[in-house]
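Since this is a predicted model, take the numbers as computed values, not measurements. All chains are named by letter (A, B, ...) in the order of the sequence lines, taking the proteins before the strands, and each is independently numbered beginning at 1.
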2 protein chains.
Amino acid sequence: MVTLAEVAQHAGVSASTVSYVLSGKRSISAGTRQRVERSIQELGYHPNAGARALASSRSNIIALMIPLRTDMYMPVMMEIAIAVATTARAHGYDVLLLTGEEGPDAVRRVTGSGLADAMIPMDVELDDERLPLLRGTDRPSVLIGLPADTTGLTCVDLDFGATGALCLEHLAKLGHRDIAVIGEAPGVYERHTGFAERTLDGLRSRSRELGVRLLHRPCEGGYDAMSVTLARIFDERPSTTGFVVQNESAVEPLLALLRQSGRAVPEDVSVVAICPDQLAMQASVRLTSVAIPAQEMGRRAVELLVAKLEGQGTDEVVLLPPELTVRASSGPAPATG
Amino acid sequence: MVTLAEVAQHAGVSASTVSYVLSGKRSISAGTRQRVERSIQELGYHPNAGARALASSRSNIIALMIPLRTDMYMPVMMEIAIAVATTARAHGYDVLLLTGEEGPDAVRRVTGSGLADAMIPMDVELDDERLPLLRGTDRPSVLIGLPADTTGLTCVDLDFGATGALCLEHLAKLGHRDIAVIGEAPGVYERHTGFAERTLDGLRSRSRELGVRLLHRPCEGGYDAMSVTLARIFDERPSTTGFVVQNESAVEPLLALLRQSGRAVPEDVSVVAICPDQLAMQASVRLTSVAIPAQEMGRRAVELLVAKLEGQGTDEVVLLPPELTVRASSGPAPATG
DNA sequence: ATAGGTTGTCGAAGCGCTTCGACTAGGAGT
DNA sequence: ACTCCTAGTCGAAGCGCTTCGACAACCTAT
């Protein structure tokens with residue numbers, strides 16, 4: 001294992017000079033810099049992470065806390081994680097992967113040990129246990145998701161309120177007057193995950209404004225659950241012609257069951273989904289949808305965090321504006337007979 | 001930030017004693033141990049990760065290298081990653097998340113800097129660029145996936161050869177004589193990812209033994225690609241009654257298209273999938289399938305790695321035996337008319 | 001010429017921990 | 001009574017780096 005001292009000796013300079021070449025914190029003459037850089041190359045030197053962390057009290061590591069739960073749609077989490085890792089590397093940081101298993105203790109451990117310089121908690125609940133700890137530490141953090149009280153916190157999320165409103169508007173403009181919302185599994189609402197409730201708020205308030213009737217039904221994924229849910233919806237509101245789906249594993253079942261019950265999409269009923277673009281495009285009917293900007297969320301979170309680590313960041317809530325893409329699953333409401 | 005020295009002073013012992021209480025590497029009297037432990041509790045002490053890494057040249061971090069590609073099925077990757085993180089924590093290790101972006105340099109950087117004690121490369125290609133580096137370092141590693149040459153390496157993977165054989169056997173026993181294999185996207189085969197080819201080998205060799213005709217077609221996911229592929233298959237082999245699918249995003253399209261073309265599952269054609277159980281159970285027809293044991297793979301990889309780190313491990317290839325679960329998508333071949 | 005700045009480099013201290021050797025006390029064996 | 005071990009503790013060295021203050025060399029403005 002090559003050390004700084006060896007590089008220094010090889011280049012004929014002192015250790016501190018090599019350090020300054022590496023960090024750029026003091027000016028170094030061009031000649032010296034080149035000699036040092038050549039020595040680094042030739043010896044294949046890599047600074048020792050532990051020593052660096054100890055001396056500088058910066059680990060250059062960001063902790064990403066992902067949920068353990070499997071009822072959250074995994075591909076979105078994965079996409080965010082990859083975007084976080086990639087963006088972090090671009091800024092010279094590595095990413096530590098923490099699962100929800102440890103709970104709030106993970107925050108204590110990581111900040112206490114100096115393992116990570118900063119944190120990105122995902123899957124934030126409205127009244128998350130980690131919030132007091134995050135507020136009480138000097139390590140910066142950026143949440144992905146929105147808790148109830150954001151004072152003193154920096155958050156990134158899709159603007160789910162606007163998303164709900166946007167979906168409803170789209171269907172209302174097409175003439176739909178009875179709209180059903182297929183939501184996430186009941187557990188998601190019980191846990192008070194912010195995004196599900198905020199979507200609903202957006203849908204509801206806009207529906208009131210536009211005089212549209214709304215029926216909300218949480219739904220577990222899969223065919224059986226969807227079948228029951230759908231039957232109930234048509235039972236209760238036979239005039240339903242519009243659907244907003246916010247549950248990835250209910251999308252395909254919904255389409256299949258509509259088909260099966262003789263309702264054509266988009267001729268008889270329209271469907272708007274809130275889901276990753278890939279899923280919207282691979283579904284059996286190309287879905288009009290609002291995309292979950294997973295990559296964007298991961299990227300922005302890291303950028304905000306890096307700004308904070310460099311002392312220029314400030315607490316703010318970044319809500320990404322939703323974008324609705326019209327595809328083949330939505331069309332004018334059928335003429336009322 | 002509380003330090004070892006402060007704990008020592010608080011407990012009225014020397015720093016080294018506290019260190020030995022923490023590591024258990026020397027015997028400590030019960031009284032002293034308790035006093036030290038109480039001080040640790042009261043002061044809320046967490047050992048500094050950098051200092052520890054520097055002094056012991058062990059970071060207690062495992063690097064997990066995940067692929068950037070999006071054509072691999074994300075949920076499986078995610079499930080593995082979570083299992084790795086959870087198991088690692090149970091053994092006192094943290095997990096560093098590395099993406100494929102850096103390529104082989106990531107291996108150099110991590111080993112060179114002592115950032116991680118060991119590595120788990122995922123999505124291993126048959127002739128992976130990282131292999132020489134892994135063989136040439138003294139940091140242990142466990143691959144998830146199987147390269148062409150495994151000498152000097154430890155690997156964990158599903159036994160895809162046996163998986164192929166098992167699928168074929170199941171359909172053959174049911175009387176199917178013409179079987180089509182819907183494979184991964186062509187890119188996966190071009191990249192020489194081991195698992196796809198090994199599955200095919202297993203299918204082919206068993207088909208020869210059992211006198212079954214096999215037709216293999218790679219397929220991009222989604223409805224359009226599947227539609228074209230399916231038409232070609234029935235065109236070339238109208239007598240096809242059995243399908244083996246190894247492509248998560250082709251599963252639902254296949255079922256829909258079969259339905260659409262008037263073929264009932266399992267009455268007219270049988271389908272066996274190689275995919276995560278969740279997907280098999282949520283599909284529009286509950287699929288007879290061989291599960292991808294993602295959690296098991298992640299867990300085993302970490303356990304092998306920890307054994308190696310403790311000096312008791314040995315190079316070996318662990319192939320998890322496939323398990324076929326019969327569900328509603330496979331049945332006796334229709335009587336030939 | 002002289003005071004005052006720059007610029008480039010070095011030496012040394014110290015980050016918080018692990019670990020080795022040394023030391024003390026008490027118990028076992030003779 | 002005397003040696004020999006073992007268990008329990010301590011002091012000090014050192015892991016590889018960053019960073020501060022010092023200093024020499026040179027430039028610039030008086």
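- When the nucleotides C:dT9, D:dT18, C:dC17 are ranked by their closest atom to the side chain of A:Ser19, D:dT18 comes out on top.
- The nucleotide whose nearest atom lies closest to any side-chain atom of B:Ala51 is, among C:dT19, C:dC10, C:dG16, C:dG16.
- For A:Ser14, the listed nucleotide lying nearest its side chain is C:dC10; candidates were C:dC10, C:dT7, C:dC17.
- For B:Arg26 and B:Ser56, each mapped to the nucleotide of DNA chain C holding its nearest heavy atom, the one lying further toward the 5' end belongs to B:Ser56.
- We find that B:Glu102 and B:Arg109 are joined by a salt bridge, their nearest charged nitrogen and carboxylate oxygen being less than 4.0 Å apart.
- Under the 3.5 Å distance criterion, the side-chain polar atoms of A:Glu6 are matched with a main-chain donor or acceptor of A:Thr3.
- B:Leu22 has its CG atom 12 Å from the P atom of C:dT19, to the nearest Å.
- Using a 4.0 Å heavy-atom criterion, one finds that A:Ile28 contacts the sugar-phosphate atoms exclusively.
- Spacing between atom CG of B:Leu54 and atom P of D:dT18 amounts to 12 Å, rounded to whole angstrom units.
- Following rounding to the nearest Å, A:Gln9 (CD) and C:dC10 (P) show an atom-to-atom distance of 13 Å.
- Note: CD (A:Glu6) to C1' (D:dG16) measures 11 Å, nearest angstrom.
- Rounded to whole Å, the distance from CG on A:Leu4 to P on C:dC10 is 13 Å.
- With salt bridges taken as basic N to acidic carboxylate O contacts below 4.0 Å, none links A:Arg198 and A:Asp159.
- The 12-atom threshold is exceeded at CZ of A:Arg135, counting heavy atoms of other residues, nucleotides or ligands nearer than 6.0 Å.
- The A:Asn48 side chain lies nearest to D:dG16 when the options are C:dC10, D:dG16, C:dT18.
- For the pair A:Arg52 CZ and C:dG16 P, the computed distance is 18 Å after rounding to whole Å.
- Expressed to the nearest 0.5 Å, how far CZ of B:Arg139 lies from CG of B:Leu309 amounts to 9.5 Å.
- Side chain of A:Asp157 to main chain of A:Leu319: no donor-acceptor pair is present (N/O by atom type, distance under 3.5 Å, no hydrogens or angles).
- Atom CZ in A:Arg35 sits about 8 Å away from atom P in C:dC10, given to the nearest Å.
- Backbone-only engagement by B:Thr3 is indicated by non-hydrogen atom pairs under 4.0 Å involving sugar-phosphate atoms exclusively.
- At least one side-chain nitrogen or oxygen of A:Tyr45 sits closer than 4.0 Å to the OP1 or OP2 atom of D:dC17.
- Listed pair B:Ser57 / D:dC15 fails the phosphate criterion, with no side-chain N or O lying under 4.0 Å from OP1 or OP2.
- Note: OH (A:Tyr20) to P (D:dT18) measures 10 Å, nearest angstrom.
- Residue B:Ser23 is classed as having no contact, given no heavy-atom separation below 4.0 Å to the nucleic acid.
- Counting any heavy atom pair closer than 4.0 Å across all strands shown, B:Ser29 reaches sugar-phosphate atoms only and no base atom.
- Phosphate contact (OP1/OP2 of C:dT18, side-chain N/O of B:Lys25, threshold under 4.0 Å): absent.
- The phosphate of C:dT19 has neither OP1 nor OP2 within less than 4.0 Å of any side-chain N or O from B:Ser16.
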